[in-house]
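First up is the structure itself, then whatever we jot down about it.
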Amino acid sequence: AQSVTQLDSHVSVSEGTPVLLRCNYSSSYSPSLFWYVQHPNKGLQLLLKYTSAATLVKGINGFEAEFKKSETSFHLTKPSAHMSDAAEYFCVVRPPYSGAGSYQLTFGKGTKLSVIP
Amino acid sequence: EAGVTQFPSHSVIEKGQTVTLRCDPISGHDNLYWYRRVMGKEIKFLLHFVKESKQDESGMPNNRFLAERTGGTYSTLKVQPAELEDSGVYFCASSQRQGATGELFFGEGSRLTVL
């Protein structure tokens, strides 16, 4: 079984300041981890993914996340927030194996990021 | 290249009526998935097609939901009869590759409101 907890339902930052969106996961194996973003009236877009390679993963638009197995965390960060970053972000876990159930993504509840000018 | 497209973007129906949602995956993607987000809850898996075959439908909530993918191209998700608790956003996604590294491409979702 696997689960994802996004620790903040809403985060507000000023433009130009760092962004930190927190995610903890629970899994009985080493999962694949993802961050997706949904801008208003848009589909879910993949930001970045961790699949057991480098623990520090770089994504699009300057975002990155670090996989910490000891803390079962996969927090999303960005050094400097931009107005266009305002969106809802989802931390997602997926089994690392192929076969039955491997396509069932488990989503966190989402974190809404507001960026104040 | 066109992304995953979903129709309608928003549907408002009364309890007991029928609604059919449609998803057109990215051309060439054999894998098609349906997910749902009920108000205030997480996005949850409903089912997975590989071409026209249902690979995994363990997330379908009950037999009021019927998904089809005739010919292995577009897919429909029918809710009949709709209940109040079916309200939410239904997402479709597609992928080309299998396995944990195959990226899922999501549509914008179809918002269903049942009154």
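Proteins get letters first, then strands, A, B, ... in listed order; numbering begins at 1 in each. These numbers come from a predicted model, not from an experiment.
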With sequence neighbours excluded, what pairs up with B/Glu57 under the salt bridge (charged side-chain N to carboxylate O under 4.0 Å, His left out) test?
B/Lys54
Side chain, backbone, both or neither of B/Ser58 within contact of chain A (heavy atoms, under 4.5 Å):
side chain
What parts of residues 35-48 of chain B touch chain A if we use heavy atoms and a cut-off under 4.5 Å?
B/Tyr35, B/Arg37, B/Gly40, B/Glu42, B/Ile43, B/Phe45, B/His48
Following the transitive rule for hydrophobic clusters with a side-chain heavy-atom cut-off under 4.5 Å over Ile, Leu, Val, Met, Phe, Trp and Tyr, establish whether B/Tyr33 and B/Val79 coincide in one cluster.
no
So, taking the atom named CD in B/Glu108 and the one named NE2 in A/His39, what distance separates them when rounded to the nearest 0.5 Å?
12.5 Å
Between A/Gln38 and chain B, with a heavy-atom cut-off of 4.5 Å, which part of the residue counts as in contact: side chain, backbone, both or neither?
side chain
Members other than A/Tyr25 in its cluster, when Ile, Leu, Val, Met, Phe, Trp, Tyr link by side-chain heavy atoms under 4.5 Å?
A/Val4, A/Val11, A/Val13, A/Val19, A/Leu21, A/Leu33, A/Trp35, A/Val37, A/Leu47, A/Leu48, A/Tyr50, A/Val57, A/Ile60, A/Phe63, A/Phe67, A/Phe74, A/Leu76, A/Met83, A/Tyr89, A/Val93, A/Leu113, A/Val115
Would a hydrophobic clustering, with Ile, Leu, Val, Met, Phe, Trp and Tyr connected at side-chain separations under 4.5 Å, put B/Leu32 with B/Tyr90?
yes
Does B/Arg22, at its CZ atom, have more than 12 non-hydrogen atoms belonging to other residues, nucleotides or ligands within less than 6.0 Å?
yes
The remaining residues in the hydrophobic cluster of B/Leu115, counting side-chain heavy-atom contacts under 4.5 Å among Ile, Leu, Val, Met, Phe, Trp and Tyr, are B/Val12
Output the distance between atom CZ (B/Phe91) and atom CZ (A/Phe107), rounded to the nearest 0.5 Å.
8.0 Å
Minimum heavy-atom distance between B/Phe106 and A/Leu105, given as atom pair plus value:
CZ-CD1, 4.1 Å
Hydrophobic cluster identity match, B/Val89 and B/Leu112, side-chain contacts under 4.5 Å
no
Counting neighbours of CG on B/Asn62 that are heavy atoms of other residues, nucleotides or ligands and sit closer than 6.0 Å, is the number greater than 12?
yes
